[in-house]
Amino acid sequence: MSDTVLATRGLHMAFGGLMVFDHLDFSLKQGERHAIIGPNGAGKTTFVSLITGLLRPVSGDVLLDGRVITRDPPQARVKAGIVRTFQINSLFKALNPLESVVLALCERDGRARPALRAVARESALIGEARGLLEQFGLGADALTPTQTLAYGRQRLLEIALAMALKPRVLLLDEPAAGLSTRQGHEVFEQLLRLSAGVTILFIEHDMGLVFRYADQVSVFAGGAIIVQDTPDNVRVNPRVREVYLGA
Amino acid sequence: MSAVPEWFAGKARWSGFEIAFWCALAGAYFLPNIDIALLSQIFIWGLFAMSLDLLLGYRGIASLGHAAFFGAGAYCAGFLGKYGWGEPVSGLLISMLPAAALGWLTGKLVQRVSGVALLMVTLGLNLILFDFVQRSTALTGGDDGLQGIAVDPLLGLFRFDIFGRTAYWYSLGALFALFVFLRAFVHSPFGLALTGSRENARRMIMLGSPVEGDISIVFAVSAAAAAAAGALLTQTTQFVSPATLSFQRSADVLVMLIIGGAGRLYGGLIGALIFLVMKDWLAALSPVYWYFWIGLLLVLVVSFFRKGVLPSLETGMRGLIARLGKARGGGPPA
Amino acid sequence: MAAVLTVLFNGIAYGFLLFIMSVGLSVSLGMMNFVNLAQASFSMLGGYAMVAATQRFGVPFLASLPIAFLAAAAASVLIERLVLRHFYDTDDLTQVLLTLGLVFMSIAAVTYFWGGSYQRFDLPAWLTGQQDVLGLTLETYRIFLVLTGALLAALLIFGLERTRFGAMVRACVDNQRVAGACGLNTQLIFAGAFAIGGGLAGLGGALAANLLGLDPNFPLRYLVYILIIVSVGGMGTISGTLAAGLALGTADVMGKYYFPQFGGVAIYAATVAVMLWRPHGLMGRRA
């Protein structure tokens with residue numbers, strides 16, 4: 001139990017009268033690469049939003065290192081190391097990647113409080129931002145306004161912004177959404193190379209990516225986790241086939 | 001375009017255009033036949049529009065009630081002058097404090113509203129203050145305004161003369177000082193965070209930024225700058241009336257900012273210049289109908305230069321330079 | 001007691017006036033999410049059309065009301081087709097500024113044609129004087145206003161709920177894209193709703209001229225009240241606009257009589273409170 005980083009206990013969520021899930025128990029172990037799969041509407045994105053605090057559950061708790069964080073504001077959870085990306089790019093359109101990443105670093109280090117000191121004088125952070133952009137292959141695009149970047153580049157920036165915060169737990173909502181299979185693999189390869197020691201929970205529809213990169217898989221369906229196992233076991237599990245093929 | 005390591009330094013550095021602009025404002029004083037009273041008005045309105053720019057252009061929060069803060073500063077300076085605190089510079093600084101507090105509270109109130117509701121809340125707060133000041137005749141003199149405001153000579157040396165010479169330099173000095181402050185403010189990491197929240201507040205939350213608390217801070221700073229403009233008006237005219245708090249003033253300052261262009265501090269100044277010079281010129285031509293042309297200008301600006309005059313000029317200039325570069329066959333592609 | 005009731009009645013009459021002037025903005029906001037401040041100018045136009053018809057051409061007052069309606073309806077359709085429809089996809093602030101520009105222009109234009117002073121005109125004799133109703137002495141014109149307002153409100157609510165056109169308008173308010181996909185000509189429905197809304201504003205202006213006074217600053221004087229009624233009542237709801245109009249009218253008149261020093265503050269404070277509590281208005285559906 002000691003190596004559990006993140007857990008939920010009896011998590012119950014509903015929108016109005018519409019139940020999303022009922023008494024969900026889940027745990028994420030240190031260093032795990034855990035995939036969430038399931039049909040559309042199974043509550044996968046809602047689950048991520050509950051963990052990050054953008055939504056509050058009806059009842060039940062979210063725990064980080066065994067501490068209840070259900071009532072903590074999203075910002076406090078980010079500071080505690082829970083960081084997410086979005087299924088649909090959620091970027092700063094008018095800023096360029098350099099500005100965006102520097103902004104993320106300033107927020108991480110608490111440098112973005114009211115002051116008259118120019119951003120230009122945060123040379124250490126600017127250097128770090130450049131390094132991070134290079135690692136993600138965005139070095140040449142550092143000064144291109146985000147809204148004019150190609151979609152695939154924006155997808156990388158989406159992840160780079162999260163990585164800039166040095167997360168302990170990284171929640172990725174369909175990181176390969178809208179990318180070709182090849183691009184999807186590139187994003188994952190890059191991500192795994194740069195995220196040693198980070199615990200990762202990701203939602204993904206592409207089974208190729210799931211079976212290649214996850215070491216645990218949870219299957220969400222009908223408001224519950226119906227299977228949680230290794231990729232190899234999930235692949236042959238009859239209940240999973242039932243959910244996906246509607247047999 | 002500056003290289004990657006120089007990007008932020010390049011943005012923060014004073015450009016030749018900027019230096020020339022401020023020298024021109026100071027130099028205008030020495031031109032023959034220049035209307036220095038009009039220029040002083042432009043400085044004061046320009047500062048007011050600049051304060052709104054911080055809120056609207058940088059943070060993306062529209063306010064239909066910014067005159068509340070202008071008026072708060074104007075009345076505060078008026079009370080100070082009337083009840084014995086005649087020293088102008090300290091009076092100006094003190095006048096910014098109540099408005100800053102008011103701005104902070106307004107920020108607390110409007111944190112969670114947007115769109116039409118936001119416009120209505122800011123407008124409503126403005127109207128409450130207006131109504132209160134107008135009806136509290138014993139305290140404020142009501143519609144007749146506050147009389148008997150005394151202002152000491154500037155720095156103990158320069159009287160506020162009837163030609164408005166001291167007023168000119170005092171307004172310009174205050175405008176420049178606050179501009180330098182606001183310029184540094186928006187070029188700081190906090191300024192970058194404001195822009196980030198304007199662009200995408202949800203993502204800022206996911207970067208751990210206290211987005212809602214920051215609204216109060218930017219409201220307070222913006223309100224303080226607006227109050228400084230109001231205090232300047234009171235001190236240079238030795239008079240203050242409820243008109244400083246009117247909805248008309250809130251609308252006018254918004255119009256100026258939109259005409260000039262939001263999101264670059266200078267937009268408010270340029271907008272105030274265009275608006276007031278046009279008003280001066282048109283009102284001389286036809287005192288009754290000049291509002292028609294202001295209305296038309298507003299319609300044309302939002303129709304054809306959605307971002308305002310200044311940004312459109314910048315884009316146009318950049319396009320022109322790029323074309324010239326290409327025509328010569330040299331220069332890197334933009 | 002009788003005095004209180006008389007004041008209350010005057011407030012209700014004023015409230016119906018405000019309702020008629022506001023309902024067009026409510027529909028345009030609810031349907032197209034468009035903040036059309038020029039609605040206040042259409043009211044002014046209706047008022048001037050009525051004055052011109054009765055004073056210059058000797059048209060009877062009652063007959064001048066449809067003229068005011070038609071003039072304002074025609075103007076609003078013209079403005080919608082020429083200018084406003086290009087701004088449906090812009091943000092609230094751009095729409096506010098655009099239509100504020102139109103208001104400025106209308107004020108100057110009216111000053112140019114009619115001068116800057118208040119318009120004088122005479123009501124027909126049968127609408128002047130006072131009537132005794134249930135022991136209260138009420139002004140005939142206000143009784144006329146209450147009856148007209150109630151009739152219009154009933155017609156609007158009935159028309160929106162029971163007629164085919166009303167159903168189309170409601171479909172567009174609910175979801176413009178889906179309504180369009182179902183084969184409704186949304187552009188035409190918009191134009192129709194705009195015409196009716198603008199026409200009602202004009203009718204309101206014509207009815208208001210006697211009570212509120214008519215001069216070129218009319219739009220700026222009533223703009224704020226119209227905005228308050230529409231946003232507090234809830235955009236796109238007729239009954240919400242009616243309720244907010246009556247509430248504001250009564251509160252304003254009662255306030256001026258009994259609490260002259262707090263009247264305005266109370267109304268504005270209530271507006272702020274409602275907007276913070278329910279940003280889409282008391283009867284807004286997207287709360």
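Residue numbers start from 1 in every chain, and the chains themselves are labelled A, B, ... in the order their sequence lines are given, proteins ahead of strands.
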**Student:** Answer with side chain, backbone, both or neither: which region of C:Thr111 has an atom nearer than 4.5 Å to a non-hydrogen atom of chain B?
**Tutor:**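 C:Thr111 touches chain B through backbone and side-chain heavy atoms alike.
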**Student:** Check whether more than 12 heavy atoms from other residues, nucleotides or ligands sit under 6.0 Å from atom CZ of B:Arg112, and answer yes or no.
**Tutor:**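 Not more than 12 within 6.0 Å, no.
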**Student:** Please tell me if the side chains of B:Val113 and C:Met275 come closer than 4.5 Å, counting only heavy atoms from C-beta onward.
**Tutor:** no
**Student:** If you tally heavy-atom pairs under 4.5 Å against chain B, which of C:Ile228, C:Leu223, C:Leu227, C:Val83 wins?
**Tutor:** C:Leu227
**Student:** Is it the side chain or the backbone of B:Leu109 that comes within 4.5 Å of chain C heavy atoms, both, or neither?
**Tutor:**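 Contact with chain C is through both the backbone and side chain of B:Leu109.
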**Student:** Between B:Leu127, B:Asn126, B:Leu254, who has the most heavy-atom pairs with chain C when the cutoff is under 4.5 Å?
**Tutor:** B:Leu127
**Student:** So for C:Val272, is it side chain, backbone, both, or neither that comes closer than 4.5 Å to the heavy atoms of chain B?
**Tutor:**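 Interface part for C:Val272: both.
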**Student:** Nearest heavy-atom pair of B:Gly295 and C:Phe104: which atoms, and what distance?
**Tutor:** CA-CB, 3.8 Å
**Student:** Looking only at heavy atoms, what is the nearest atom pair of B:Tyr291 and C:Ala108, with distance?
**Tutor:** C-CB, 4.3 Å
**Student:** Highest number of heavy-atom pairs under 4.5 Å with chain B: which of C:Val274, C:Asp91, C:Asp92?
**Tutor:** C:Asp92
**Student:** Rounded to the nearest 0.5 Å, what separates atom CE in B:Met120 from atom CG in C:Leu276?
**Tutor:**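 Answer rounded to 0.5 Å: 11.5 Å.
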**Student:** On a heavy-atom basis, which atom in B:Val116 and which in C:Leu29 lie closest, and how many Å separate them?
**Tutor:** CG2-CD2, 4.3 Å
**Student:** Could you measure the distance from the CD1 atom of B:Ile128 to the CD1 atom of C:Ile267? Nearest 0.5 Å is fine.
**Tutor:**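 If we round to the nearest 0.5 Å, B:Ile128:CD1 and C:Ile267:CD1 are 11.0 Å apart.
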**Student:** Can you confirm whether more than 12 heavy atoms, excluding those of B:Trp104, are under 6.0 Å from its CH2 atom?
**Tutor:**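 Check fails, neighbour count at 12 or below.
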**Student:** If I measure from the heavy atoms of chain C, does B:Gln248 come under 4.5 Å with its side chain, its backbone, both, or neither?
**Tutor:** side chain
**Student:** Please identify which of these residues, B:Leu298, B:Val299, B:Leu296, meets the side chain to side chain contact (heavy atoms under 4.5 Å, CB included) condition with C:Leu102.
**Tutor:**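 Single side chain to side chain contact (heavy atoms under 4.5 Å, CB included) partner of C:Leu102 among B:Leu298, B:Val299, B:Leu296: B:Val299.
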**Student:** Given heavy-atom pairs under 4.5 angstrom as the criterion, report whether the side chain, backbone, both or neither of C:Val96 touches chain B.
**Tutor:**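 Contact with chain B involves the side chain of C:Val96 alone.
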**Student:** Please look at C:Leu220 and chain B and tell me whether the side chain, the backbone, both or neither of the residue comes under 4.5 angstrom of a heavy atom of that chain.
**Tutor:**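 Side chain only.
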**Student:** If you count heavy atoms of other groups shown closer than 6.0 angstrom to OH of C:Tyr112, is the number above 12?
**Tutor:** no
**Student:** Quick check: closest heavy atoms across C:Pro279 and B:Ala117, and the distance to 0.1 Å?
**Tutor:**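 Here C:Pro279 and B:Ala117 meet closest at O-CB, 3.6 Å.
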**Student:** Taking atom CD1 of B:Ile258 and atom CG of C:Leu98, what is their separation to the nearest 0.5 Å?
**Tutor:** 12.0 Å
**Student:** Tell me, side chain or backbone of B:Phe247 under 4.5 Å from chain C's heavy atoms, or both, or neither?
**Tutor:**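 B:Phe247 touches chain C through side-chain heavy atoms alone.
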**Student:** Among C:Leu97, C:Leu93, C:Val35, who wins on heavy-atom pairs under 4.5 Å with chain B?
**Tutor:** C:Leu97
**Student:** Looking at C:Phe87 and B:Ser303, what are the two nearest heavy atoms and their distance?
**Tutor:**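 Closest heavy-atom pair between C:Phe87 and B:Ser303: CZ-OG, 3.5 Å.
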**Student:** Give, as side chain, backbone, both or neither, the part of B:Leu119 having an atom under 4.5 angstrom from any heavy atom of chain C.
**Tutor:** side chain
